[in-house]
*Asks:* 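Take a look at the following structure, please.
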Amino acid sequence: MRFSTKDLLQPFHTTWLPGEIQAAMLRLDLVHPLVQGNKWFKLKRNLEAAGPLPVVTFGGPWSNHLHAAAAACKLLGKPVTGIVRGEAPSAPSRTLAEAAALGMEIVHVPRAVYDAIKKGDLSARELDLPIAARLHAADGPQYPRKKNIDPGETNPQTGNAASEPYLPIAAHLHAADGPQLPKENTTLRALLGTAFVIPEGGGNAEGAAGCEEILDLGDFRAFTHILCATGTGTTLAGLINGAAKRGIGAEIWGISALKGAFSVEPEIRALLAEDRGNWGIFHDFHEGGFAKISPALIDGMNDFFDQTGIPTDRVYTGKLVLAFRKMLADGHFPPGSRPLLIHTGGLQGNASLPQGSLHF
């Protein structure tokens with residue numbers, strides 16, 4: 001498994017960007033065709049900590065995290081199960097179909113059970129149903145247990161091979177014997193008791209530590225502001241910690257993709273080695289809530305692509321760019337500012353939009 005580290009920093013110019021402000025985007029969407037964006041950085045330390053144990057993680061039907069975890073574990077030879085929020089639909093989302101084809105075991109659970117598991121409550125009786133029964137229920141989606149999909153170097157968004165040079169994954173992460181899928185009679189309760197559990201979105205201390213390494217992809221000391229979209233806040237915490245260790249004095253701002261997610265701020269503080277007070281989260285640019293879309297969002301994504309050639313996703317980076325444009329108009333950036341926007345990937349999730357919505 002290889003990651004591109006070439007030409008990730010892309011200056012951009014638009015008609016709405018003042019001439020006295022120099023902006024750039026760190027294109028983490030280009031690091032790998034499947035494990036793109038911030039996803040590998042949040043997964044890396046978690047997969048190291050998992051060692052030989054199977055992995056269990058969580059997400060929704062269009063989860064970028066589940067998709068990336070499936071690809072990473074496929075390439076590393078690690079067994080992985082994805083617990084999906086909500087009952088199984090009649091047909092799987094494209095995200096989950098691809099994750100299953102990459103070898104991830106997909107287990108749907110009711111929302112209440114999902115939320116309880118995330119909190120450590122394993123009392124639900126549904127956890128005692130064999131995983132195989134959930135995977136192959138007659139009235140649910142038929143996920144393949146094995147299919148040969150190559151999560152290699154061709155970018156599914158462009159059809160082009162990723163650029164050189166590459167950053168290799170540490171060899172010690174590779175399992176010698178390949179993934180061992182759960183046995184047919186394994187229950188989710190038994191799996192949770194023996195697996196390494198990665199929280200939803202990779203949101204933990206290991207995820208934040210991995211995100212510090214985003215700032216090793218270049219010299220970012222000249223930037224005055226660093227902006228990224230936030231969900232769990234893990235990436236933002238990693239950027240704050242990483243900037244402090246690397247002498248980067250920029251203001252670091254998160255654009256919340258969730259509505260009213262004020263509880264994320266103390267969660268971020270809990271992940272910080274030191275709170276230098278140079279960060280903040282803006283909560284007014286969610287466009288209706290997590291994964292919600294608006295005509296302004298779609299128009300903004302298309303306008304930004306038409307002017308810069310940079311595709312964005314509808315959940316995170318699209319909202320980041322829209323927020324950046326509004327913040328410019330509101331005077332958040334004084335003349336001479338050099339803002340850096342972090343593209344956190346997730347382009348596969350755009351497949352949930354009606355065909356023809358986007359120009360890319």
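Excluded from the calculations below are hydrogen atoms, water molecules and symmetry mates; all remaining heavy atoms, backbone and side chain alike, are included.
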*Asks:* So, do F324 and F285 have ring centers that fall under 6.0 Å from each other?
*Replies:* no
*Asks:* Minimum heavy-atom separation for A208 to A237, with atom names?
*Replies:*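 Scanning both residues completely, I find the closest heavy atoms to be CB-CB, 4.3 Å.
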*Asks:* Run R246 and D216 through salt bridge (Lys or Arg N to Asp or Glu O under 4.0 Å) and show every step you take.
*Replies:* CA-CA 9 Å; R246 292 159 178 81; D216 290 331; 2.7 Å; yes
*Asks:* With clusters defined by side-chain heavy atoms of hydrophobic residues (ILVMFWY) lying less than 4.5 Å apart, directly or transitively, does L340 cluster with L28?
*Replies:*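 Hydrophobic grouping puts L28 with L340.
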*Asks:* In the single-linkage hydrophobic clustering (I, L, V, M, F, W, Y; side-chain heavy atoms under 4.5 Å), do F282 and V264 co-cluster?
*Replies:* no
*Asks:* Strictly distance-based, threshold 3.5 Å: is any side-chain N or O of K42 a donor or acceptor partner for the main-chain N or O of A209?
*Replies:*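 Checked: no pair found.
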*Asks:* Measure the acute angle between the ring planes of F360 and F305, then classify it against the limits of 30° and 60° as parallel, tilted or perpendicular.
*Replies:* tilted
*Asks:* Under 3.5 Å, is there a donor-acceptor pair between the side chain of N302 and the main chain of H359?
*Replies:*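 Side chain of N302 to backbone of H359, a donor-acceptor pair under 3.5 Å: yes, one is there.
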*Asks:* Would you find more than 12 non-hydrogen atoms of other residues, nucleotides or ligands less than 6.0 Å from K292 atom NZ?
*Replies:* no
*Asks:* Just how far is it from atom CG of L17 to atom CD of E20, taken to the nearest 0.5 Å?
*Replies:* 8.5 Å
*Asks:* Mind running side chain to side chain contact (heavy atoms under 4.5 Å, CB included) on H108 and Y114 for me, showing each step along the way?
*Replies:* CA-CA 9 Å; H108 291 269; Y114 181 92; over 6 Å; no
*Asks:* With no hydrogens and no angle check, is any side-chain donor or acceptor of K39 less than 3.5 Å from a backbone partner on H65?
*Replies:* no
*Asks:* Determine whether the aromatic ring centres of W253 and H225 lie less than 6.0 Å apart.
*Replies:*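 Between W253 and H225, the centre distance is under 6.0 Å.
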*Asks:* Angle class for the F262/H283 ring planes (parallel below 30°, perpendicular above 60°, tilted otherwise)?
*Replies:* tilted
*Asks:* Under the side chain to side chain contact (heavy atoms under 4.5 Å, CB included) criterion, do I106 and I83 qualify, and how do the steps go?
*Replies:* CA-CA 6 Å; I106 304 295; I83 300 177; over 6 Å; no
*Asks:* By the definition side-chain contact (heavy atoms from CB on, under 4.5 Å), identify the one residue from L236, I252, T317 that meets it with C228.
*Replies:* L236
*Asks:* State plainly whether the residues R27 and D29 are in salt-bridge range, i.e. N to O under 4.0 Å.
*Replies:* yes
*Asks:* Would you call E251 and R276 a salt bridge, taking side-chain N to carboxylate O under 4.0 Å as the test?
*Replies:* no
*Asks:* Is there a side-chain contact between T232 and E267, using heavy atoms and a 4.5 Å cut-off?
*Replies:*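 Side-chain contact under 4.5 Å: no.
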*Asks:* Please answer whether the main-chain N or O of P311 pairs with a side-chain N or O of H343 as donor and acceptor at a distance below 3.5 Å.
*Replies:*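 Here the side-chain-to-backbone pair exists.
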*Asks:* Hey, does the side chain of R189 reach the backbone of A124 with a donor-acceptor pair shorter than 3.5 angstrom?
*Replies:* yes
*Asks:* State, with a plain yes or no, whether a side-chain heavy atom of F196 is found less than 4.5 Å away from one of P54.
*Replies:* no
*Asks:* Salt bridge or not for E213 and K44, using N-O below 4.0 Å?
*Replies:* yes
*Asks:* Applying the side-chain contact (heavy atoms from CB on, under 4.5 Å) criterion to K319, which one of T312, L297, D313 satisfies it?
*Replies:* L297
*Asks:* Between V113 and D121, is any pair of side-chain heavy atoms under 4.5 Å apart?
*Replies:* no
*Asks:* Check the pair N204 / N46 against side chain to side chain contact (heavy atoms under 4.5 Å, CB included), numbers first and verdict last.
*Replies:* CA-CA 9 Å; N204 59 8; N46 277 292; 2.8 Å; yes
*Asks:* Is the backbone of L347 close enough, under 3.5 Å, to the side chain of Q36 for a donor and an acceptor to pair up by distance?
*Replies:* yes
